[in-house]
Number of protein chains: 2
Amino acid sequence: MANHERGIETRNTLLDTSLALFSQNGYDATSVAQICQDAQVSKGAFYHHFASKQELFLALMDTWLDSVVGLFQTAGDSAETIPEALDQMAALSGGLFDALEGGFPILLEFWTQASRHPAVWEKAVAPYQRFLDYFAGMVQAGIDEGSFDPSVDPVKAARTLTSVAMGLLLQAIFEPDGAQWQAVTRSGIQLVIDGMRSKK
Amino acid sequence: MANHERGIETRNTLLDTSLALFSQNGYDATSVAQICQDAQVSKGAFYHHFASKQELFLALMDTWLDSVVGLFQTAGDSAETIPEALDQMAALSGGLFDALEGGFPILLEFWTQASRHPAVWEKAVAPYQRFLDYFAGMVQAGIDEGSFDPSVDPVKAARTLTSVAMGLLLQAIFEPDGAQWQAVTRSGIQLVIDGMRSKK
DNA sequence: TTTTAAATACCGACCGGTCGGTCTGTATTT
DNA sequence: AAATACAGACCGACCGGTCGGTATTTAAAA
């Protein structure tokens, strides 16, 4: 195997291992030594690939956010109306619970780190803002097509939509087996959709 | 001043100081030495009042949860219908943003700690479960009084209601000045309420 | 009322251990 | 020979927690 490929593999192993450890124990409680041990990699290798623990975290965030954004990319394509498209996305967002099995608590870690470290924060705002804008656009489109009531504020509605998703995510982290999260998510979003429906 | 009172004052100083520090830097990143320094208290005093750093955190959680539950205690009393009562609670929940000024990021800390340490988790489930049950009861009452559609699942709706509140709280921590959180919360809850309304 | 012993509140030097990060070297590839 | 990819001993800073000692209060005994 080429030297270069070997390096990439080591890097990915480090990324995978640290994702698992950060999810389980949190950023601070996870030591670099622990990551190296679990990944069967020396400390020298670690610092060859990442300048610091922080930087590894940032890289982890990058790849994770990309994968989540990618999952949403194709959602709602086949829907004919906006409410239908939103429902499809809710169903998919529920699917996230399965797809990213065990990789969810890391979201909490991203959040806390972002709320405290500007460098992390800046990496997180962009995709978050994109989501918000995207949803606001969908709500506006729903109003335009007559599905939603004109009195609905698209920006506030977008906040509410993301809140439901995030709030349920949080509850799911807290109580992994507390409910059928996929079904609850879908019905929750449905409730908000119904709340926006045209009151003719 | 009596010795006893002096002790209580020291304890409270420790509690206040650690609340601020945990909120700002997180549990792990806050050292006992730092807490003591900020509180102008010796380490001996610290360990006289608390058996460990963990125990201080638990005590902090106790008082914080009590104060939040207390804030909600009297909400929705003067309302005549369930939707009105819910709206009043939403307005009040929005007021939390002001009332617990700066003391919100600690919620994130409670959440992460709870998701990882059983001792913390158990302290948090009870009030959380109480909230959930309370809301489910309100939704059921709303159905009974004819305000809400019978097809609404009270338990799922309660999850959704709390999700909106929690999700917006999370967003508010992330972007303190990102929106008029009180207004957004109220309109968000209103959207869900409208979604539950009787479809006669 | 005075004496005194126990209890409470506090002090801060100190301890074993862990942490993130460095540095010197070696093996392999280019 | 230069660059890449690793190996792991090592370092100083710092961490949570301990411990022997002191000052003040309290309450019972004399």
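Just so it is clear, the model here is predicted, and its values are computed rather than measured. Residue numbers start from 1 in every chain, and the chains themselves are labelled A, B, ... in the order their sequence lines are given, proteins ahead of strands.
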**Asked** Any donor and acceptor pair, going by atom type alone, linking the side chain of B:Gln113 with main-chain N or O of B:Val120 inside 3.5 Å?
**Response** no

How many whole angstroms separate atom [atom1] of [X] from atom [atom2] of [N]?
X: B:Phe46; N: D:dC15; atom1: CZ; atom2: P; value: 13 Å
X: A:Glu5; N: C:dT30; atom1: CD; atom2: P; value: 9 Å
X: B:Arg11; N: C:dT8; atom1: CZ; atom2: P; value: 15 Å
X: B:Leu14; N: C:dC10; atom1: CG; atom2: P; value: 9 Å
X: B:Lys43; N: D:dC19; atom1: NZ; atom2: C1'; value: 12 Å

Does [X] put a side-chain nitrogen or oxygen below 4.0 Å from OP1 or OP2 of [N]?
X: A:His48; N: D:dA5; value: yes
X: B:His49; N: C:dT8; value: no
X: A:Thr10; N: D:dC6; value: yes
X: B:Arg6; N: C:dC10; value: yes
X: A:Ser31; N: C:dT18; value: no

**Item:** Listed nucleotide nearest any side-chain atom of A:Ala45, set C:dG20, C:dG12, D:dC6
**Value:** D:dC6

**Fill in**
Closest of D:dG8, C:dC10, C:dG21 to the A:Ser42 side chain is D:dG8

**Fill in**
Between the OG1 atom in A:Thr10 and the NE2 atom in A:His48, the distance rounded to the nearest 0.5 Å is 8.5 Å

**Request:** Identify whether the distance between the nearest side-chain nitrogen and carboxylate oxygen of B:Arg197 and B:Asp194 falls below 4.0 Å.
**Result:** yes

**Asked** Would B:Lys123 count as a cation-pi partner of B:Phe57, with NZ or CZ less than 6.0 Å from the six-membered ring centre and within 45° of the ring normal?
**Response** no

